[in-house]
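Only one structure is covered here, and it is reproduced in the block below.
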Amino acid sequence: MTRVTVFDYGAGNLHSLVKALEAGGATVVLERDAAALGTATAIVLPGVGAFAPAAAARARGLDVVRASVDRGTPVLGICLGLQLLAESSDEGAGAGLGVMAGRVERLEAARVPQIGWNAIESPRDPLLASAQLDEAYYANSYVVRPTRPEQVVAWSTHEHDRFAAVMRVGRTVGVQFHPEKSSRAGLSFVRAWVEEAAA
Amino acid sequence: MLTRRVLVCLDVRDGRVVKGARFVELRDIGDPAALAEHYEAEGADEIVFLDVSASADGRGTLLDTVRQTSERLFIPLTVGGGVRSVDDVGRALRAGADKVAINSAAVARPELLTESAAQFGRQCVVASIDARREGAAWLVWTHGARTRTELDAVAWAQECVARGAGEILLTSIDRDGARTGYDLALTRAVADTVPVPVIASGGAGTPSHLVSAIQAGGADAVLVAGIVHDGVHRVATCKDALRAAGMRVRAAA
């Protein structure tokens with residue numbers, strides 16, 4: 001069993017994520033103390049809430065995740081979790097972890113937030129291939145504007161705004177969508193990540 | 001490009017799904033968690049629980065129902081009905097809701113939308129608006145469409161967005177349960193003036209009504225209840241109709 005630690009910064013719904021990880025073969029630990037994440041063997045930064053409260057949580061110790069990344073610990077950031085892995089955000093005060101090169105900016109579209117199912121374009125990551133994730137569920141107003149496009153392994157487009165759907169740096173993966181809300185293909189993606197984390 | 005969404009609404013009373021025509025005449029449909037799972041398998045893009053419980057006890061039951069449902073549901077779940085405070089929003093989210101629909105409480109105190117968005121992000125704040133035609137306009141009604149307000153529905157939708165709502169769930173009281181089609185003029189009036197997704201609700205009788213709500217009404221998403229609960233139409237046939245009209249819809253897994 002792969003033991004996966006989910007950072008619980010108290011903002012919202014973690015039920016589906018926990019169930020999705022368990023369905024993917026993981027044993028899940030919810031951790032409210034960011035400092036304790038440093039000893040985790042695999043980490044999920046979940047995707048609920050707004051950037052500023054989450055960045056404040058970071059100030060209380062989420063920096064340890066940066067050290068985990070540098071040691072090669074598998075990390076999955078979801079939605080806001082991906083944004084925390086970037087360098088900084090327009091949404092609120094506080095800096096990101098700087099694993100992904102880029103800044104978090106508001107979507108440029110007539111309808112924001114982007115809410116609904118969107119196509120995964122130009123996928124080039126084994127996780128996406130094995131999950132056959134063609135469409136995924138999004139609920140976001142902000143996206144990462146990558147400065148190193150080679151870190152982007154899939155894209156999506158809201159109206160005319162193309163943005164990073166999935167980013168990867170080594171064993172750190174960030175997804176702007178919600179795999180735990182993307183029905184069967186989303187569950188397959190989570191399972192593939194759990195299996196990669198165990199390898 | 002986003003797909004067009006078909007949302008299935010479950011009216012939940014004391015832990016059971018009921019469906020009222022014109023907000024009355026409740027009758028039992030079934031177990032919410034099992035029905036939600038069934039509709040996910042049929043290709044529903046989201047599930048909406050609207051709590052129509054009469055008592056506080058019933059509302060407590062709803063959070064248990066949300067918890068049971070989120071054990072097995074892997075598409076988004078919106079919960080509404082009786083949400084009065086930021087704490088209520090937090091409780092619903094922690095029980096497993098992804099979004100919370102706020103209706104009467106937002107009319108009573110619009111700051112609730114702002115506070116909820118600041119705490120949890122506007123993507124999880126849905127302004128639920130029940131509107132009834134009066135002359136050339138539509139007025140907002142609250143408390144399960146029993147209480148008339150002086151608010152113009154279109155102006156109120158704009159204020160909700162300005163206050164922090166990330167989505168509008170727009171129900172025509174006139175059409176609710178009538179199965180004569182969505183109120184296209186109402187839907188168009190709101191969709192053209194707010195910069196967030198609009199979900200058309202109330203009046204679906206046939207899959208072609210869903211097509212009209214999007215094409216003529218300008219809705220981003222459509223909500224169905226009675227027509228799928230009764231088995232008159234299936235979620236899949238609803239989505240087939242959208243696809244046949246040239247729209248992108250998500251293929252059911």
Side-chain angles (χ1 to χ4, degrees), chain A residues 8 10-20 22-23 47-54 79-80 83 91-92 107 109-119 121 132-142 156-162 178-188 190, chain B residues 1-7 40-41 43-46 66-79 89-90 92-100 116-126 161 164-168 191 194-199 220-221 248-253:
Chain A
D8 176 8
N13 172 17
L14 297 179
H15 282 253
S16 304
L17 174 59
V18 170
K19 293 294 160 188
E22 288 174 349
V48 284
F51 189 87
C79 192
L80 180 63
Q83 296 172 13
E91 190 181 0
L107 278 164
R111 292 217 196 274
V112 177
Q114 169 190 219
I115 294 179
W117 299 76
N118 211 334
E121 303 162 11
Q132 295 188 297
L133 188 67
D134 302 324
E135 279 154 351
Y137 183 81
Y138 287 91
N140 62 304
S141 300
Y142 290 82
S156 285
T157 307
H158 178 45
E159 297 179 13
H160 301 289
D161 191 355
R162 196 163 193 250
H178 288 272
E180 78 281 14
K181 289 290 158 188
S182 297
S183 205
R184 263 178 239 179
L187 292 180
S188 299
V190 172
Chain B
M1 188 180 158
L2 291 172
T3 65
R4 299 300 183 169
R5 286 174 285 156
V6 176
L7 287 68
E40 176 181 354
D45 294 306
E46 298 188 33
V66 170
R67 254 175 236 114
Q68 288 156 18
T69 303
S70 65
E71 298 270 308
R72 294 184 294 188
L73 191 73
F74 295 101
I75 55 175
L77 174 64
T78 299
V79 171
V89 174
L93 295 176
R94 278 191 296 278
D98 300 289
K99 299 186 268 191
V100 175
S116 300
Q119 185 78 30
F120 303 109
R122 62 191 298 144
Q123 81 291 334
C124 74
V125 179
V126 181
V161 173
E167 206 170 16
I168 302 282
V194 297
V196 301
V198 174
I199 305 158
D220 298 274
R248 276 198 68 226
V249 294
R250 180 177 67 98

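Each chain gets a letter, A, B and so on, in the order the sequences are listed, and its residues count up from 1.
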**Side chain, backbone, both or neither of B:Ala44 within contact of chain A (heavy atoms, under 4.5 Å)** = neither

**Prompt:** At what distance, to the nearest 0.5 angstrom, does NE2 of A:His15 lie from CZ of B:Arg94?
**Reply:** 9.5 Å

**Request:** Check each atom of B:Ala95 against the heavy atoms of chain A and say whether the ones under 4.5 Å are side chain, backbone, both or neither.
**Result:** backbone

**Request:** Please look at A:Ser182 and chain B and tell me whether the side chain, the backbone, both or neither of the residue comes under 4.5 angstrom of a heavy atom of that chain.
**Result:** backbone

**Asked** With chain A, which of B:Ala221, B:Pro197, B:Gly96 has the greatest number of heavy-atom pairs at distances under 4.5 Å?
**Response** B:Gly96

**Request:** Mind checking salt bridge (charged side-chain N to carboxylate O under 4.0 Å, His left out) for A:Glu180 and listing every partner two or more places apart, or none if nothing turns up?
**Result:** none

**Prompt:** Of all of A:Arg111, A:Lys19, A:Gln132, which one pairs up most often with chain B through heavy atoms under 4.5 Å apart?
**Reply:** A:Arg111

**Prompt:** Of the backbone (N, CA, C, O) and the side chain (C-beta and beyond), which part of B:Arg248 lies under 4.5 Å from a heavy atom of chain A, both, or neither?
**Reply:** side chain

**Prompt:** Which bit of B:Val249 is near chain A, if near means a heavy-atom gap under 4.5 Å: side chain, backbone, both or neither?
**Reply:** backbone

**Prompt:** If you measure only the distance, is there a donor-acceptor pair under 3.5 Å linking the side chains of B:Thr3 and A:Glu135?
**Reply:** no

**Request:** For the pair A:Asp134 (side chain) and A:Ala119 (backbone), establish whether a donor and an acceptor sit closer than 3.5 Å, ignoring hydrogens and angles.
**Result:** no

**Request:** For the pair A:Tyr137 and A:His178, name the ring-plane relationship: parallel under 30°, tilted 30 to 60°, perpendicular over 60°.
**Result:** tilted

**Pair B:Glu40-A:Ser183, side-chain hydrogen bond (donor to acceptor under 3.5 Å, both in side chains): steps then yes or no** = CA-CA 8 Å; B:Glu40 176 181 354; A:Ser183 205; 2.7 Å; yes

**Asked** Looking at A:Ser156, A:Ala23, A:Ala20, A:Pro113, which makes the most heavy-atom pairs under 4.5 Å with chain B?
**Response** A:Pro113

**Asked** A:Leu187 versus chain B, heavy atoms under 4.5 Å apart: side chain, backbone, both or neither?
**Response** side chain

**Request:** List for me each residue that meets salt bridge (charged side-chain N to carboxylate O under 4.0 Å, His left out) alongside B:Asp98, sequence neighbours excluded, and say none if there are none.
**Result:** A:Lys181

